[in-house]
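Every number for a ligand or one of its atoms is a count from 1 in the order of the listing.
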Amino acid sequence: MRYRILGGTGLKVSEIGFGTIPILSGNVPVLPDYFSPDEKTAINIMNYAFTLGCNLFDTAIVPEYGDAEIKLGKFAALVGREKIIISDKSRFFNGDEMYNAVHESCKNLGTFVDIYFVHQVDEENEDITFGKYGAIDALNELKSEGKIKFTGVATHYYDILLRGAKDKRVDVLQGSGNILERGMLDRIALEPLFKQKGFILNKVYAAGILPAFFPVKTLLSGVLSYPISSALIGIGTDEQVDAVMLKEPEDYNCPTFSQVISVLEKNFVPIPCDRCQKCRCIYGTKIHIIFRQYNYYFLGKDYWALRKLDLNIQESAELCKKCTDMSCIKKCPQTINIPETMQMIKELVKKHIRNSII
Ligand code: SF4
Ligand code: SF4
């Protein structure tokens, strides 16, 4: 296992981090195929990863990730708290709620947290999070109290990551990306502000989809070629530990975006959207999320993707039909005809929803 420095924190983290969603128990629909191991099994799996050099363990507050936080706390006590780095998170955006959540997390873990993230910050809650007495202020207070060592912001949005990168109160960022959805990683690599922050990457397998199309080594090598500190992989069995920890790439190479698309083209015609998030819809349509759901529909997440698309595609496609602005097209480096693609997705959803009802 190789290690990288987590930005200005000085922490040395393993290039591959352990994502604890698959070791949770309970009825938590975070992952449709979680393994639900009992406490002893979960601790053994984490310990096995630790023996192979993994020192970064990422979790979330109970019950967001079921009981994973409690299991991780017990593992930390067993292995020696100082030997591992715990990153934890919760979806509370105002200061009071975040303050209480961190106390709750520490109680669940039975110890302090190395990095605590405000989780899933998006456009609706970012001003509360970054504002006075928001979650970031609370995390800084908790840092001075010794409950946490470093503060973090976790989000799927580039603009919010950039806001975090500019904010002195934020130590570490957590975002998503993989060899297909790499547009954000490309932008991060070009923006010097990110170099001061530690960066932890999630969704390396794209919700478990990509290993069916690419070797694990290619997926890891691809993301580790970017200036990130650690790539988190959800792990729920010893076999999965082997598949990831024993496949650490010797060097870092990322297949080109066209190479990735051409592999996927063997199955369907993907929308060549790398989720760079440069396009902006004047009505607030989240173009990159709709395009992701379309691609995921053909990549094995059909039920989930269709249901999500059904929630908003009709309205988004209608707005595109009437739109006279269309500035989104000019912003797209992949020159995707966004409004036309929206109509195509609307038709697909109409057809498949109808078929699934019949
Ligand atoms: S064309 Fe569609 S996605 Fe683009 S700005 Fe107009 S409504 Fe938004
Ligand atoms: S549609 Fe184009 S601009 Fe928008 S996220 Fe995808 S690749 Fe980027």
Residue from Lys278, Arg280, Lys166 passing salt bridge (Lys or Arg N to Asp or Glu O under 4.0 Å) with Asp159
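With Asp159 as partner, Lys278, Arg280, Lys166 yield a single salt bridge (Lys or Arg N to Asp or Glu O under 4.0 Å), made by Arg280.
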Atom indices of ligand 2 within 4.0 angstrom of [X] heavy atoms, with elements:
X	value
Cys279	1 (S), 3 (S), 4 (Fe), 5 (S)
Pro333	3 (S)
Cys332	1 (S), 2 (Fe), 3 (S), 7 (S)
Gln334	7 (S)

Counting only heavy atoms from other residues, nucleotides and ligands, does the tally under 6.0 Å from CD of Glu347 exceed 12?
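Yes, enclosed.
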For [atom], which protein heavy atom lies nearest, and how many Å away is it?
atom	answer
atom 8 (Fe) of ligand 1	Cys281 SG, 2.3 Å
atom 2 (Fe) of ligand 1	Cys320 SG, 2.4 Å
atom 6 (Fe) of ligand 1	Cys323 SG, 2.4 Å
atom 5 (S) of ligand 2	Gln277 N, 3.2 Å

Mark yes or no for whether Thr155, through its side chain, and Val121, through its backbone, hold a donor-acceptor pair below 3.5 Å.
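It does hold such a pair.
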Has the side chain of Thr341 got a donor or acceptor atom that lies under 3.5 Å from a matching backbone atom of Asn337?
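Yes: the side chain of Thr341 pairs with the backbone of Asn337.
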The single option from Leu109, Asn108, Val102 passing side-chain contact (heavy atoms from CB on, under 4.5 Å) against Cys106:
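Running side-chain contact (heavy atoms from CB on, under 4.5 Å) over Leu109, Asn108, Val102 with Cys106 returns exactly one hit, Val102.
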Phe112 ring centre to Arg81 NZ or CZ under 6.0 Å, with the angle to the axis within 45°?
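Yes, a cation-pi geometry holds between Arg81 and Phe112.
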Under 4.0 Å to a heavy atom of Tyr283 - the qualifying atoms of ligand 1, by number:
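Counting atoms of ligand 1 from 1, those under 4.0 Å from Tyr283 are 7 (S).
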Between Arg275 and ligand 2, which residue portion shows a heavy-atom distance shorter than 4.0 Å: side chain, backbone, both, or neither?
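Arg275 to ligand 2: backbone contact only, side chain stays beyond 4.0 Å.
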Does Ile287 approach ligand 1 within less than 4.0 angstrom via side chain, backbone, both or neither, non-hydrogen atoms only?
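It is the side chain that gets close, since no backbone atom is under 4.0 Å.
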Does the shortest distance from atom 2 (Fe) of ligand 2 to an N/O/S atom of His288 fall below 2.8 Å?
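So His288 does not count as coordinating atom 2 (Fe) of ligand 2.
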Non-hydrogen atoms of [X] and [Y] that approach each other most closely:
X	Y	value
Phe93	His119	CE2-O, 3.4 Å
Ala49	Met245	CB-CE, 4.1 Å
Phe57	Leu72	CB-CD1, 3.6 Å

Assess Thr285 for proximity to ligand 1: is some non-hydrogen atom of it under 4.0 Å away?
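So Thr285 does not count as touching ligand 1.
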Give a yes/no answer: is there an N/O/S atom of Cys273 under 2.8 Å from atom 6 (Fe) of ligand 2?
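Under 2.8 Å: Cys273 contacts atom 6 (Fe) of ligand 2 through an N, O or S atom.
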Decide yes or no for Phe199 and Gln174: does some side-chain heavy atom of the first lie under 4.5 Å from some side-chain heavy atom of the second?
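Side chain of Phe199 against side chain of Gln174, heavy atoms only: no contact under 4.5 Å found.
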Atom 4 (Fe) of ligand 1 to nearest N/O/S of Cys328 less than 2.8 Å
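Yes.
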